[in-house]
Protein chains: 2
Amino acid sequence: MSACEKAFNALGDPTRRMIFEKLRDRPLAVVDIADGLPVSRPAVSQHLKVLREAKLISIHRNGTKNICQIDREGVLAMRNYLDKFWDDALAAFKLTAEQTEKEKNKKS
Amino acid sequence: MSACEKAFNALGDPTRRMIFEKLRDRPLAVVDIADGLPVSRPAVSQHLKVLREAKLISIHRNGTKNICQIDREGVLAMRNYLDKFWDDALAAFKLTAEQTEKEKNKKS
DNA sequence: CTTAATGGTAAGTATTTGCTTACCGTAAGT
DNA sequence: ACTTACGGTAAGCAAATACTTACCATTAAG
């Protein structure tokens, strides 16, 4: 499974998106992430694992706290994927447009 | 549910990602999308509905065929979301970096 | 008119997966 | 040394969802 696939998988869940957005503004400890969310702390732990494996966040220990923060690798991987996807789709679209144009000219 | 959330939800499924990528190169009829995929045609129909509601694809009839193609609206919505997300995250990071710098100066 | 091709929908099943409780380990404070 | 705070993991459960088969509607072709 590619890095990008894991990232899309990870952000496919609304609770993980909430966590992801909470971390946008600042790094947070696990307990602070769980605070305010509608799920228990262990649930958050499980989500964090998924986000980390997708390289959307990174985690480092600080004393007894696990500080989580956005990892650029996963975010940029998704961005690049969508950029390239759109470029390719556009190129393919133009190509088929040209071909249908040729077909028209042939007939006339 | 915002347009972008639906899009992330939709691309959270591997089969839907396969369909999405198949349509990158050219528009296809439903039966052509199903061909080669490891799931039945009705399953594909259901996935197409989800992708369409996420504005990732558009569908138009042509005779008895339903032609599916990439919809720029959903793709660009995701791209813009990630762009803005990354910009905001970067700005927040710089802000906290400055603040910790100030803290250091205060102490020394 | 009949037949074939395309494909949407419904009902049911099965798998996935998100969540909880319970438990344990580690690190810091008293 | 005891206690408190933090947090990962396991087991079990419940809800979501992906898939299949069966059926029906529409359109084109013979």
Side-chain angles (χ1 to χ4, degrees), chain A residues 1-23 26-71 74, chain B residues 1-23 26-71 74:
Chain A
M1 201 189 219
S2 84
C4 210
E5 291 193 4
K6 278 188 184 172
F8 275 110
N9 253 0
L11 290 189
D13 178 74
T15 309
R16 279 196 290 267
R17 280 199 299 272
M18 286 185 212
I19 294 174
F20 187 61
E21 302 211 340
K22 249 191 160 181
L23 290 173
R26 57 191 165 291
L28 286 174
V30 177
V31 82
D32 294 324
I33 295 172
D35 184 61
L37 286 186
V39 296
S40 69
R41 186 198 47 76
V44 170
S45 261
Q46 290 158 14
H47 284 310
L48 290 173
K49 192 179 179 183
V50 176
L51 287 167
R52 190 171 54 80
E53 282 171 356
K55 298 194 190 296
L56 286 167
I57 67 169
S58 63
I59 309 179
H60 68 271
R61 267 213 116 91
N62 187 357
T64 159
K65 294 193 175 182
N66 273 15
I67 309 296
C68 308
Q69 63 180 355
I70 299 298
D71 183 351
Chain B
M1 200 190 220
S2 85
C4 210
E5 290 191 5
K6 278 188 184 173
F8 275 111
N9 253 0
L11 289 188
D13 178 74
T15 308
R16 280 198 287 269
R17 280 198 299 272
M18 287 186 212
I19 295 174
F20 187 61
E21 301 212 338
K22 250 192 161 181
L23 290 172
R26 57 190 163 292
L28 286 173
V30 177
V31 82
D32 295 323
I33 296 172
D35 184 62
L37 287 186
V39 297
S40 69
R41 186 199 44 76
V44 170
S45 260
Q46 289 158 14
H47 284 310
L48 289 173
K49 192 178 178 181
V50 175
L51 287 167
R52 189 171 54 79
E53 282 170 357
K55 296 194 190 297
L56 286 167
I57 66 169
S58 62
I59 308 179
H60 67 273
R61 266 211 115 92
N62 186 358
T64 157
K65 293 192 174 180
N66 274 15
I67 308 296
C68 307
Q69 63 179 355
I70 299 297
D71 184 352

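Proteins get letters first, then strands, A, B, ... in listed order; numbering begins at 1 in each. In what follows, every heavy atom counts, from backbone to side chain, and hydrogens, waters and symmetry copies are set aside. Note that the structure is predicted; figures quoted are calculated from it, not measured.
Contact between the side-chain N/O atoms of A/R16 and the OP1/OP2 oxygens of C/dG18 is found at a separation under 4.0 Å. One finds a side-chain N or O of A/S40 lying less than 4.0 angstrom from the OP1 or OP2 phosphate oxygen of C/dT20. Regarding contacts with the backbone of C/dT17, every side-chain N or O of A/H47 stays at 4.0 angstrom or more from both OP1 and OP2.
With rounding to whole Å, A/H60 atom NE2 is found 16 Å from D/dC6 atom P. The nearest whole Å value for the distance from the NZ atom in B/K6 to the P atom in D/dT17 is 13 Å. C/dT15 atom P lies 16 Å from atom CG of B/D13, rounded to whole Å. Distance CG (A/N66) to C1' (C/dA28): 14 Å, rounded to an integer number of Å. Atom P of nucleotide C/dG8 and atom CD of B/E53 are separated by 13 Å, given to the nearest angstrom. For the pair A/R61 CZ and C/dA27 P, the computed distance is 7 Å after rounding to whole Å. When rounded to the nearest whole Å, the span between CG of B/L11 and C1' of D/dA18 equals 16 Å. Rounded to whole Å, atom C1' of D/dC6 lies 14 Å from atom CG of A/L28.
Remark: the backbone N or O of B/K6 is not paired with any side-chain donor or acceptor of B/K55 at under 3.5 angstrom. For B/D71 (side chain) and B/G74 (main-chain N/O), no donor-acceptor pair under 3.5 Å exists by modelled atom type. Using modelled atom types, no side-chain atom of B/R41 and backbone atom of B/A34 make a donor-acceptor pair closer than 3.5 Å.
Within 4.0 Å (heavy atoms only), A/A29 reaches sugar-phosphate atoms of the nucleic acid but no base atom. Residue contacts for A/R41: at a heavy-atom cut-off of 4.0 Å it reaches a base atom on one of the strands shown.
Between the base of C/dT17 and the side chain of A/Q46 there is no donor-acceptor pair shorter than 3.5 Å.
Taking only side-chain atoms of B/A43, from C-beta outward, the nucleotide of D/dT20, D/dA18, C/dC19 with the closest atom is D/dT20. Between C/dT6, C/dC19, D/dA5, one nucleotide has an atom nearer to the side chain of A/T64 than all others, and that is D/dA5. Side-chain proximity of A/S45 to C/dG8, D/dG7, D/dA18: nearest is D/dG7.
Just one of B/V30, B/D32, B/L28 meets the side chain to side chain contact (heavy atoms under 4.5 Å, CB included) condition when paired with B/C68; it is B/V30.
Taking the nucleotide of DNA chain C with the nearest heavy atom to each of A/V39 and B/P42, the more 5' of the two is matched to B/P42. Mapping A/V44 and B/L48 onto DNA chain C by nearest heavy atom places B/L48 closer to the 5' end of the strand.
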Give the C-alpha distance, both sets of side-chain angles, the deciding distance and a yes or no for side-chain contact (heavy atoms from CB on, under 4.5 Å) between A/D13 and B/F8.
CA-CA 8 Å; A/D13 178 74; B/F8 275 111; over 6 Å; no

